[in-house]
Amino acid sequence: MRAIDFHVHLPTPEWLDVTMAGYTEAAERYFRSQVSRRTIEEVAAEYENLDIVALLLAWDAESATHRPRLSNEYVAQAVADFPGRFVGFGSVDPLKGDEAVRGVETIRDLGLKGVKFHPSIQRFAPDDERFWAIFARCQELGLIGLFHTGTSGIGAGTPGGQGVRLDYCRPIRLDTVAAEFPDFQIVAAHFGFPWHEEMLAIALHKTNVHIDISGWAPRYIPATVVRELKGRLQDQFLFGSDYPFIQPQRCLDELAQLEIPAPVLEKVLFGNGARLLGL
């Protein structure tokens with residue numbers, strides 16, 4: 001197994017044209033990437049050819065976006081159909097309160113490994129205690145929490161950013177969560193740009209915080225992030241692409257140009273993720 005891609009969205013019509021209706025176009029402009037619709041079978045074949053395991057993400061922001069979710073059951077079925085190629089994270093809508101807590105239990109029962117949160121799209125602040133019952137249940141059940149951090153391609157370059165508030169995804173909000181729930185394993189997606197130094201400080205302080213490098217072509221990753229990936233935080237970084245907006249092969253090719261020592265690169269591509277997922 002070459003790598004684990006910790007950040008994969010399914011480019012099916014169910015996600016791109018229903019759950020993401022009205023958001024996809026801005027994201028394509030932001031990433032300068034025209035996204036092709038694909039079937040789950042085609043995605044599995046692509047990752048099979050690359051010898052990469054894809055971590056698929058469900059999506060539930062119904063309360064804030066008034067758009068249907070990409071369900072946990074949908075992702076779980078994809079994992080069941082391609083068990084050697086896919087693992088999955090579910091999603092709950094924090095604004096649904098007790099229903100979200102029960103949703104965490106459903107995610108566990110479906111055999112998924114974690115829960116994806118996008119505070120800016122879901123319109124909630126992770127450091128708000130009203131939502132902590134969700135994280136407490138994740139911690140109790142051993143589910144990983146993957147949080148979008150930093151800026152977002154969704155809404156980028158539009159008036160008002162389509163209502164997307166970046167402050168909900170500032171990394172410092174996760175510091176509170178990591179402190180209150182020390183056994184809750186947290187993955188901060190996209191290393192929190194433009195607050196990436198804040199993100200690095202949090203990960204240096206709290207070992208239950210991990211950072212994925214998805215959402216960026218590696219040649220553009222800030223030098224301070226690359227330095228910590230090679231050094232003190234090499235055990236806490238995870239490979240990710242943000243497929244379908246960024247292709248995993250491009251990420252692999254550009255990572256190879258960053259002069260990352262081979263043992264460290266193996267950790268980032270595979271070892272750290274395998275340990276975190278219990279593979």
Side-chain angles (χ1 to χ4, degrees), residues 5-11 15-35 55-70 89 91-95 114-128 131 145-175 177 186-200 202 209-218 220-222 225 238 240-248 250-251:
D5 187 340
F6 238 82
H7 210 99
V8 177
H9 299 288
L10 280 168
W15 187 63
L16 288 170
D17 301 324
V18 180
T19 301
M20 283 274 287
Y23 294 134
T24 300
E25 295 77 13
E28 287 178 320
R29 289 193 299 271
Y30 177 83
F31 287 106
R32 300 178 184 177
S33 172
Q34 190 70 34
V35 175
L55 194 155
L56 307 181
L57 302 172
W59 187 284
D60 187 350
E62 287 184 323
S63 297
T65 69
H66 309 294
R67 290 163 173 79
R69 66 191 183 117
L70 187 74
F89 277 22
S91 178
V92 296
D93 181 346
L95 300 184
V115 185
K116 164 67 186 298
F117 299 97
H118 198 313
S120 287
I121 305 301
Q122 294 173 316
R123 294 188 68 82
F124 85 102
D127 55 354
D128 187 328
F131 306 110
L146 189 151
F147 292 78
H148 182 106
T149 62
T151 191
S152 176
I154 297 172
T158 66
Q162 293 183 292
V164 175
R165 284 180 50 176
L166 300 182
D167 66 309
Y168 285 143
C169 281
R170 184 160 181 173
I172 197 64
R173 294 186 182 273
L174 285 186
D175 182 70
V177 178
I186 294 170
V187 176
H190 321 310
F191 56 80
F193 179 88
W195 302 288
H196 47 288
E197 293 188 356
E198 181 176 282
M199 184 75 258
L200 295 170
I202 294 165
V209 174
H210 315 266
I211 302 172
D212 90 30
I213 57 173
S214 69
W216 286 70
Y220 296 123
I221 296 175
V225 177
L238 304 163
S241 66
D242 215 356
Y243 180 91
F245 298 106
I246 300 179
Q247 297 300 309
R250 176 184 180 181
C251 294

**Q** Output, in order, the C-alpha distance, side-chain angles, deciding distance and verdict of side-chain contact (heavy atoms from CB on, under 4.5 Å) for Ile221 and Ile213.
**A** CA-CA 8 Å; Ile221 296 175; Ile213 57 173; 4.1 Å; yes
**Q** If you measure from CD on Glu198 to CG on Leu174, what distance do you get to the nearest 0.5 Å?
**A** 9.5 Å
**Q** In the structure I gave you, are the side-chain heavy atoms of Phe131 and Pro126 within less than 4.5 Å of one another anywhere?
**A** no
**Q** Measure the CD1-OH distance between Ile121 and Tyr168 for me, rounded to the nearest 0.5 Å.
**A** 12.0 Å
**Q** Could you check whether any side-chain heavy atom of Phe147 comes within less than 4.5 Å of a side-chain heavy atom of Ile186, counting everything from C-beta outward?
**A** yes
**Q** Begin with the C-alpha distance, continue with both residues' side-chain angles, and end with the deciding distance and a verdict on side-chain contact (heavy atoms from CB on, under 4.5 Å) for His210 and Phe6.
**A** CA-CA 11 Å; His210 315 266; Phe6 238 82; over 6 Å; no
**Q** Looking only at non-hydrogen atoms, find the nearest pair between Thr158 and Arg29 and report the distance.
**A** CG2-NH2, 3.9 Å
**Q** Would you compute the distance between atom OG1 of Thr65 and atom CD of Gln162 and round it to the nearest 0.5 angstrom?
**A** 11.0 Å
**Q** Tell me whether Arg67 contacts the main-chain N or O of Ala21 through its side chain, where contact means a donor paired with an acceptor under 3.5 Å.
**A** yes
**Q** For salt bridge (charged side-chain N to carboxylate O under 4.0 Å, His left out), just list the numbers for Asp167 and Arg173, CA-CA rounded to whole Å, side-chain angles, deciding distance to a tenth of an Å, and then say yes or no.
**A** CA-CA 9 Å; Asp167 66 309; Arg173 294 186 182 273; 3.3 Å; yes
**Q** Give me the one residue out of Leu238, Leu200, Val187, Ile202 that meets side chain to side chain contact (heavy atoms under 4.5 Å, CB included) with Ile211.
**A** Leu200
**Q** Closest heavy-atom contact between Ser120 and Val164?
**A** CB-CG1, 3.5 Å
**Q** Ignoring hydrogens, what is the shortest heavy-atom contact between Asp5 and Ser241? Give both atom names and the distance.
**A** OD2-OG, 2.6 Å
**Q** Considering the options Val35, Val8, Leu10, which one meets the side chain to side chain contact (heavy atoms under 4.5 Å, CB included) requirement together with Pro244?
**A** Val35
**Q** Identify the two heavy atoms, one from Arg123 and one from Gly163, that lie closest to each other, and give their separation to 0.1 Å.
**A** NH1-O, 2.8 Å
**Q** Just one of His148, His9, His190 clears the ring pair (Phe, Tyr, Trp, His ring centres under 6.0 Å) bar with His118, so which one?
**A** His148
**Q** Ignoring hydrogens, what is the shortest heavy-atom contact between Ser214 and Ala189? Give both atom names and the distance.
**A** OG-CB, 4.4 Å
**Q** Measuring from Glu25:CD to Gln34:CD, what's the distance to the nearest 0.5 Å?
**A** 9.0 Å
**Q** Kindly indicate, with the supporting measurements, whether the criterion side-chain contact (heavy atoms from CB on, under 4.5 Å) is fulfilled by Trp216 and Val225.
**A** CA-CA 12 Å; Trp216 286 70; Val225 177; over 6 Å; no
**Q** Looking at Leu95, is its backbone amide N or carbonyl O close enough to the side chain of Gln122 to form a donor-acceptor pair, meaning the two atoms are under 3.5 Å apart?
**A** no
**Q** Begin with the C-alpha distance, continue with both residues' side-chain angles, and end with the deciding distance and a verdict on side-chain contact (heavy atoms from CB on, under 4.5 Å) for Tyr30 and Thr151.
**A** CA-CA 11 Å; Tyr30 177 83; Thr151 191; 3.5 Å; yes
**Q** Looking at CZ of Phe191 and CE of Met199, how far apart are the two atoms once the value is rounded to the nearest 0.5 Å?
**A** 11.5 Å
**Q** Using every non-hydrogen atom in the two residues, find where Val115 and Ser91 come nearest and quote the distance to one decimal.
**A** CG1-CA, 4.2 Å
**Q** Side chain of Ser33, backbone of Glu28: donor and acceptor closer than 3.5 Å?
**A** no
**Q** If I take atom CG from residue Leu16 and atom OH from residue Tyr23, how far apart are they, to the nearest 0.5 angstrom?
**A** 14.5 Å
**Q** Between Phe245 and Phe31, what is the ring plane arrangement, given parallel below 30°, perpendicular above 60°, and tilted in between?
**A** parallel
**Q** Test your reading of the model: is there a side-chain donor-acceptor pair from Asp212 to the backbone of Gly240, 3.5 Å cut-off?
**A** no
